[in-house]
Amino acid sequence: MSTVRVRFAPSPTGYLHVGGLRTALYNYLFAKKHGGAFLLRIEDTDRTRYVEGAVENLIRTLGWAGLQFDEGPGVGGDRGPYVQSERLSLYREYAEQLIRDGHAYYAFDTAEELEAMKAEQERQKLTPKYDRRALMLTPSEIEAKRASGTPSVVRLLVPDATTVVIEDVVRGRVEFESAMIDDQVLLKSDGYPTYHLANVVDDHLMGITHVIRGEEWLSSTPKHVLLYRAFGWDLPVFAHLPLLLNPDRSKLSKRQGDVAVEDYMRKGYLPEALLNFIAFLGWNPGDEREIFSLEELVREFTLERVGKSGAVFNSEKLDSVNRQYIKTAPTPRLVEEIGARLTAHGVPVPSEQQLAGVVALMKERVTTLEEFATGCVYLFTDPAGYDEEAARKNWKPETGGWLKDLVPLLRGMEGFTATALEAVVKERAGSLGVGAGKLIHPLRLAVSGTSKGPGLFEMMELLGRDVCVRRIERALAALG
RNA sequence: GGCCUUAUCGUCUAACGGUUUAGGACGCGGCCCUCUCAAGGCCGAAAUACGGGUUCGAUUCCCGUUAAGGCUACCA
């Protein structure tokens, strides 16, 4: 078979949807697996939905995820341009070719006429479909309308009574009766093509061998097949991916949670964790491994193992995957990420060494990068208050006196290390004749303001003697 | 309404006619570990939508029912 060429073809309507990310990922994996090319093509044929900056945003988000494309806006390639609005004359030429060959025709109906037609069909409980009234026009009438500048569209002339068969890699054989297919508009009155025309023309011109896209396109695939036939072009291989679903099993959408990849970026998910998670929504390697790097996914991925049924986007599982990635992520990388997030929160960024200490203490306790900055602020600034329930539970009348006596001991310690601290505290508890917990719990409260968190002695070592003593004294003043 | 697709634990899924007391993961419950919280270890509850076939034998093949979803635009 010829070299694999696949594309991700989003519309620039704002942000990259996680469903789009998965489509992009599968295309990327398939291309890399077969040593082929992964292209990015921008399908901006709907001027009413175009959002300024969306293309840049799409490219940036794809870059964050690590899905580098081989051809596309910004990186070039010899089959460009890769933005459909820059290819308008091409679509017009091909539409005209279709008309010359009798596979398409001009229509001049107004929006009002079409609406009335549709309303009438619905009233009669018929399937809404263009009634081909434009076919009644004589060549001279068409010429006259065109000469007078009457707005027109080009429609596909769907052949009568044929069965369109699609061999889909994930769905198998799917058949459609041409009688059910509408004479789709190919070229709109504003001169822009519809998705159907532009997509087919570009896939052919760009040498796309495999069309891997969401299941929402399955129903319009027969139109595309008809178009390939009308042009006399070879069909690509089709693979329609199962949809990503909301918890209520409808198509994944906003309003029921975050669907923009940027949302996950902002919340502090690692790109490889998101990719790993999303790869498993509709695909699996066939064994029980679940953690895969991008390179490993490339090695293992096959379209044959893509499932058919929709998959609910379960954010709890994502959290679990992200925790696993954070746990094993290299410290310098986490340090960098946390620094940026602390700055964003207006928290003074400590030294890299100090941050590395925070990472060591917290990476097994956080779900997202954001939690490094927001879930353990006591590692950066003195506690503003003390958890009431913890105080009630752990701060007894005698506690103040015990901690007060501990302060000079802490001051006199030679090295302020976790092991030394543990020895000091335990010895003190021993001479007091109480369990170590009687000192440890209130100390934690004094130092961090909460009852949860890293091991007390490790935390105190990281904070250092001055900070710890200061915090204990503040707690004594506040809690007695 | 019509067309198309789908259907295994709550969720993601394994099983490609028999090796299955249907496996794993997330989540949930319990126990262990333990200075708290996590992490980790062990254990547990939890599914083949329903009804017909085909077959010596169906989660697996066929048909129907039901349910869910997608599409039904001069949106993608």
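Naming: A, B, ... by sequence-line order, numbering from 1 per chain.
The side chain of A:Arg365 sits closest to B:A38 out of B:G2, B:A38, B:A73. Comparing B:G10, B:C37, B:C75 against the side chain of A:Lys452 picks out B:C37 as the nearest. The nucleotide whose nearest atom lies closest to any side-chain atom of A:His441 is, among B:C4, B:C71, B:U36, B:U36. Of the candidates B:C74, B:A38, B:C4, B:A38 carries the atom nearest the A:Glu364 side chain, counting heavy atoms from C-beta on. Looking at the side chain of A:Lys251, the nearest of the listed nucleotides B:U5, B:C35, B:C71 is B:C71. Comparing B:A14, B:C26, B:A76 by their nearest atom to the side chain of A:Asn284 picks out B:A14. With B:A76, B:G69, B:G24 as the candidates, the nucleotide lying closest to the side chain of A:Ser220 is B:A76. Looking at the side chain of A:Glu288, the nearest of the listed nucleotides B:G24, B:C75, B:U36 is B:G24. Nearest nucleotide to the A:Arg323 side chain, out of B:G24, B:A76, B:A39: B:A39.
A gap of 14 Å separates the C1' atoms of B:A76 and B:G70, to the nearest Å. With P as the reference atom, B:C71 and B:U11 are 22 Å apart, rounded to whole Å. Distance check on atom P: B:G53 versus B:A68 gives 27 Å, rounded to whole Å. Taking atom C1' in both B:G27 and B:C9, the straight-line distance is 12 Å, to the nearest Å. The same atom, P, is picked in B:A58 and in B:U21; the two are 14 Å apart, to the nearest Å. Look at the P atom in both B:U59 and B:U19: the space between them is 10 Å, to the nearest Å. Nucleotides B:U54 and B:U72 are separated by 37 Å at their C1' atoms, to the nearest Å. Nucleotides B:U60 and B:G18, compared at atom P, are 12 Å apart to the nearest Å.
Counting any heavy atom pair closer than 4.0 Å across all strands shown, A:Glu290 reaches a base atom. Across all strands shown, A:Pro454 has heavy atoms under 4.0 Å from base atoms, whether or not it also approaches the sugar-phosphate. Residue contacts shown for A:Ser250 are limited to sugar-phosphate atoms, with no base heavy atom under 4.0 Å away. Note on A:Leu114: a base of the nucleic acid sits closer than 4.0 angstrom, heavy atoms only. A:Ala436 comes within 4.0 angstrom of nothing in the nucleic acid, heavy atoms only. Residue contacts shown for A:Phe176 are limited to sugar-phosphate atoms, with no base heavy atom under 4.0 Å away. Base contact: A:Ser451 has a heavy atom under 4.0 Å from a base atom. When heavy atoms are screened at a 4.0 angstrom cut-off, A:Val153 is found touching base atoms of the nucleic acid. A:Gln184 comes within 4.0 angstrom of no nucleic acid atom, judged by non-hydrogen atoms across all strands. Using a 4.0 Å heavy-atom criterion, one finds that A:Lys129 contacts no nucleic acid atom at all. Within 4.0 Å of A:Asp287, counting heavy atoms only, lies no atom of the nucleic acid at all. Within the 4.0 angstrom heavy-atom criterion, base atoms lie near A:Gly453. At the heavy-atom level, A:Glu304 lies nowhere under 4.0 Å from the strands shown. When heavy atoms are screened at a 4.0 angstrom cut-off, A:Arg289 is found touching no nucleic acid atom at all.
The distance between atom CG of A:Leu243 and atom P of B:C12, rounded to the nearest whole Å, is 13 Å. Here B:C12 presents its P atom at 17 Å from CZ of A:Arg305, a figure rounded to the nearest Å. Following rounding to the nearest Å, A:His224 (NE2) and B:C71 (P) show an atom-to-atom distance of 13 Å. As a whole-Å value, the separation of A:Asn276 CG from B:C26 C1' is 13 Å. Atom CG of A:Leu281 is separated from atom P of B:C26 by 16 Å (rounded to the nearest Å). One interatomic measurement links the two molecules: CG of A:Leu241 to C1' of B:U5, which rounds to 13 Å at whole-angstrom precision. Atoms CZ (A:Arg444) and C1' (B:C37) sit 8 Å apart, rounded to a whole Å. For the pair A:Tyr195 OH and B:C75 C1', the interatomic distance rounds to 12 Å; values are reported in whole Å.
Between A:Lys188 and B:C75 there is a side-chain N or O to OP1 or OP2 distance below 4.0 Å. Taking side-chain N and O atoms only, A:Arg249 has a distance below 4.0 Å to OP1 or OP2 of B:C12. Distances shown here put every side-chain N or O of A:Arg171 at or beyond 4.0 Å from the OP1 or OP2 atom of B:C4. Taking side-chain N and O atoms only, A:Lys363 has no distance below 4.0 Å to OP1 or OP2 of B:A38. Neither OP1 nor OP2 of B:G2 sits under 4.0 Å from any side-chain N or O of A:Lys125. In this structure, A:Thr45 reaches the B:A76 phosphate: one of its side-chain N or O atoms is under 4.0 Å from OP1 or OP2.
In this structure, A:Tyr94 has its ring center no closer than 6.0 Å to that of A:Tyr228. If you look at A:Trp395 and A:Tyr386, their ring centroids are not closer than 6.0 Å. Close placement of the A:Phe313 and A:Phe277 rings is indicated, their centers lying within 6.0 Å of each other. In this structure, A:Tyr26 has its ring center at least 6.0 angstrom away from the ring center of A:Trp283. Between A:Phe280 and A:Phe292, the ring center distance clears the sub-6.0 Å criterion.
Judged purely by atom type and a 3.5 angstrom limit, A:Ser220 has no side-chain atom pairing as donor or acceptor with the backbone of A:Lys223. For A:Glu461 (side chain) and A:Ala418 (main-chain N/O), a donor-acceptor pair under 3.5 Å exists by modelled atom type. Side-chain atoms of A:Asp387 come within 3.5 Å of backbone N or O of A:Ala390 as a donor-acceptor pair.
Of the nucleotides present, B:C26 is the one that pairs with B:G10 by Watson-Crick or G-U wobble criteria, both distances under 3.5 Å. Remark: B:C61 base-pairs with B:G53; criterion is Watson-Crick or G-U wobble with both hydrogen-bond distances under 3.5 Å.
A donor and an acceptor atom sit less than 3.5 Å apart, one in the side chain of A:Lys317 and one in the base of B:A25. For A:Ser219 against B:G70, a side-chain-to-base donor-acceptor contact under 3.5 Å is present.
Place A:Thr127 and A:Gly282 on RNA chain B by their nearest nucleotides, and A:Thr127 ends up nearer the 5' end. The residue among A:Leu218 and A:Phe277 whose nearest nucleotide of RNA chain B lies closer to the 5′ end is A:Leu218.
Sorted by first then second residue, the salt bridge (charged side-chain N to carboxylate O under 4.0 Å, His left out) pairs that include residues 189-204 of chain A, not counting sequence neighbours, are A:Arg7-A:Asp203, A:Arg41-A:Asp202, A:Arg41-A:Asp203, A:Arg47-A:Asp190, A:Arg87-A:Asp202.
Interatomic distance, A:Asp109 CG to A:Thr150 OG1, rounded to the nearest 0.5 Å: 11.5 Å.
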